[in-house]
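Shown next, in structure tokens, is the structure this report addresses.
Fair warning: this is a prediction, and the values are worked out from it, not measured in the lab. First the proteins, then the strands, lettered A, B, ... as listed; each starts at 1.
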Amino acid sequence: MASEFTRRVRNIIAAIPEGSVATYGQIAALAGNNRAARQVAWILHSSSTAHKLPWHRVIGSGGKISLPRQKGYEEQRSLLVLEGVCFNSRDRIDMNRFMWNPEHIDDVE
DNA sequence: TTACTGACCTTTT
DNA sequence: AAAAAGGCCAGTA
């Protein structure tokens, strides 16, 4: 349960500023395992509501939303747009401008 | 303990 | 270009 990795992931996601987005792989890398991108998604599922994490700021690689349209694709896209994130014709985010560039993460513990 | 799942990522067809 | 397969890790049952 909630290993250091998981705890760090939640911290990272909570530290994502509005108007910026981060990819699972990037978060996983910041957490210490760039191969645990899948786990990041699962952590989101598990702790998004519980920890009030901005899950909508977490996207897949290339700026594409991972959620199916039936599940929450529209919701996430709307939230991102409200925060100022622009989408391309292909429903993709401009990683050039919106990908979160973490300078340093302050570990709560 | 093992087995299954998961909002992924990368490479290959 | 799009689609499929493989590989990786952590959490839950």
Side-chain angles (χ1 to χ4, degrees):
Chain A
M1 314 168 27
S3 289
E4 183 179 301
F5 172 77
T6 307
R7 180 165 52 193
R8 192 172 287 184
V9 169
R10 295 191 303 210
N11 183 17
I12 293 169
I13 296 171
I16 301 177
E18 297 180 6
S20 298
V21 293
T23 65
Y24 293 95
Q26 181 161 10
I27 293 171
L30 292 171
N33 289 330
N34 71 330
R35 298 169 192 170
R38 314 180 61 184
Q39 196 55 27
V40 176
W42 182 247
I43 291 167
L44 241 57
H45 241 278
S46 189
S47 306
S48 57
T49 52
H51 290 263
K52 310 261 172 45
L53 298 178
W55 59 273
H56 53 273
R57 294 187 195 150
V58 184
I59 58 178
S61 62
K64 298 199 292 6
I65 296 180
S66 314
L67 285 77
R69 292 191 69 140
Q70 298 90 345
K71 293 196 114 214
Y73 174 86
E74 304 178 27
E75 183 177 324
Q76 180 165 20
R77 179 173 153 183
S78 298
L79 289 168
L80 290 172
V81 171
L82 288 173
E83 292 194 352
V85 178
C86 299
F87 278 75
N88 290 344
S89 308
R90 276 278 199 97
D91 292 327
R92 299 207 320 189
I93 301 171
D94 291 327
M95 304 296 286
N96 253 2
R97 302 159 34 171
F98 298 108
M99 183 180 281
W100 179 42
N101 197 321
E103 295 163 11
H104 59 273
I105 308 298
D106 292 327
D107 287 331
V108 242
E109 287 184 324

Exercise. In whole angstroms, how far is the C1' atom of dG6(B) from the CH2 atom of Trp42(A)?
Worked result: 6 Å
For this session: Give DNA chain C the dot-bracket treatment, 5' to 3': Watson-Crick (N1-N3 with N6-O4 or O6-N4) or G-U (N1-O2, O6-N3) under 3.5 Å, [ ] crossing, | other strand.
Result: .||||||.|||||
Problem set entry | Gap between atoms CZ and C1', on Arg10(A) and dG11(C) respectively (whole Å) | 12 Å
Exercise. Do the side chains of Trp55(A) and Val81(A) join up, straight or via other hydrophobic residues, at under 4.5 Å, putting them in one cluster?
Worked result: yes
Exercise. Given side chains that start at C-beta, do those of Cys86(A) and Phe98(A) come closer than 4.5 Å, heavy atoms only?
Worked result: yes
Exercise. Does Gln39(A) get its side chain close enough to the base of dG11(C), under 3.5 Å, for a donor-acceptor pair?
Worked result: no
Problem set entry | Sub-4.5 Å side-chain heavy-atom contact between Asp91(A) and Lys64(A) | no
For this session: For residues Ile16(A) and Arg57(A), report the shortest heavy-atom separation together with the two atoms involved.
Result: O-NH1, 2.6 Å
Exercise. Within the modelled atom types, does a donor on one side and an acceptor on the other bring the side chain of Arg38(A) and the base of dC8(C) under 3.5 Å apart?
Worked result: yes
Problem set entry | Side-chain heavy atoms of Gln76(A) within contact of Ile59(A), under 4.5 Å | yes
Exercise. Do the side-chain N or O atoms of Arg90(A) get closer than 4.0 angstrom to the phosphate oxygens (OP1, OP2) of dA2(C)?
Worked result: yes
For residues 27-43 of chain A, run the donor-acceptor check on the side chains, cut-off 3.5 Å, and write out each pair with its distance to 0.1 Å, sequence neighbours left out.
none

Seminar exercise, completed: Taken to the nearest whole Å, CG/Leu44(A) to P/dC9(B) is 12 Å
Problem set entry | OP1 or OP2 of dC8(B) under 4.0 Å from side-chain N/O of Thr23(A) | no
Exercise. How close or far is atom C1' of dC8(B) from atom OH of Tyr73(A), stated in whole angstroms?
Worked result: 17 Å
For this session: Write down the distance between CG (Asn33(A)) and P (dG11(C)), rounded to a whole number of angstrom.
Result: 11 Å
Exercise. Rounded to whole angstrom units, what separation is found between the CZ atom of Arg35(A) and the C1' atom of dA10(C)?
Worked result: 15 Å
Exercise. Can you tell me how far P of dC8(B) sits from CG of Leu67(A), to the nearest Å?
Worked result: 8 Å
Exercise. Which nucleotide in the set dG6(B), dA2(C), dC9(C) lies at the smallest distance from any side-chain heavy atom of Ala36(A)?
Worked result: dC9(C)
For this session: Round to the nearest Å and state the distance from Asn34(A) atom CG to dC9(B) atom C1'.
Result: 9 Å
Exercise. Gln26(A) versus Pro102(A): any side-chain heavy-atom pair under 4.5 Å?
Worked result: yes
Exercise. Closest to the Tyr24(A) side chain: dA10(C), dC9(B), dA2(C)?
Worked result: dC9(B)
Exercise. Does the side chain of Ser3(A) get closer than 4.0 angstrom to OP1 or OP2 of dA10(C) through an N or O atom?
Worked result: no
